[in-house]
Amino acid sequence: MVGLLAVVGVLFVAVAFGAGRLLRPVVPTPEKLLTYECGVDPVGEGWAHTQVRYYVYAFLYVIFAVDSIFLFPWATVFAAPGYGATTLVEMFIFLGFLAVGLLYAYKKGVLTWA
């Protein structure tokens with residue numbers, strides 16, 4: 001049943017993309033092929049230099065935001081009878097790994113804003 005639903009979903013997406021490709025007008029002009037940026041004609045290169053530390057902060061945020069989501073299922077299992085101690089130990093092991101990763105990032109100087 002799940003496989004059938006997956007096949008129907010893939011077919012639906014394929015038909016939608018195929019219909020869009022067949023029905024849209026294709027009239028390429030130099031203006032249409034020009035890079036569009038907020039209604040202003042592009043000036044200079046299209047390459048912007050960005051410092052790596054911003055990506056590191058974003059990556060750390062994503063890691064800790066996603067990892068914090070794992071705490072909610074543990075909290076619901078923790079309330080179930082018979083799973084309390086095991087769940088609590090697993091949660092502290094998980095938080096220990098997060099703390100070690102954060103300590104490693106701190107020691108490497110990743111968390112300094114300079």
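Under a 4.5 Å side-chain heavy-atom criterion applied to ILVMFWY residues, the cluster that includes Val7 comprises Leu11 as well. Val10 forms part of no hydrophobic cluster, judged by ILVMFWY side-chain heavy-atom separations under 4.5 Å. The hydrophobic cluster around Phe97 extends to Val89, Ile93, counting ILVMFWY residues whose side-chain heavy atoms fall within less than 4.5 Å of a member. Cluster partners of Met1: none. The rule joins Ile, Leu, Val, Met, Phe, Trp and Tyr whenever side-chain heavy atoms lie under 4.5 Å apart, and it links nothing here.
With sequence neighbours excluded, the residues forming a side chain to side chain contact (heavy atoms under 4.5 Å, CB included) with Lys107 are Leu103, listed by chain and number. Scored by the side chain to side chain contact (heavy atoms under 4.5 Å, CB included) test, Leu98 finds Phe64, Asp67, Phe94, Leu95 as partners (sequence neighbours excluded).
By the rule that hydrophobic residues join a cluster once side-chain heavy atoms approach within less than 4.5 Å of another member, Phe12 and Leu4 end up as members of separate clusters.
Here Tyr104 contributes atom OH and Lys108 contributes atom NZ; the two are 4.0 Å apart, rounded to the nearest 0.5 Å.
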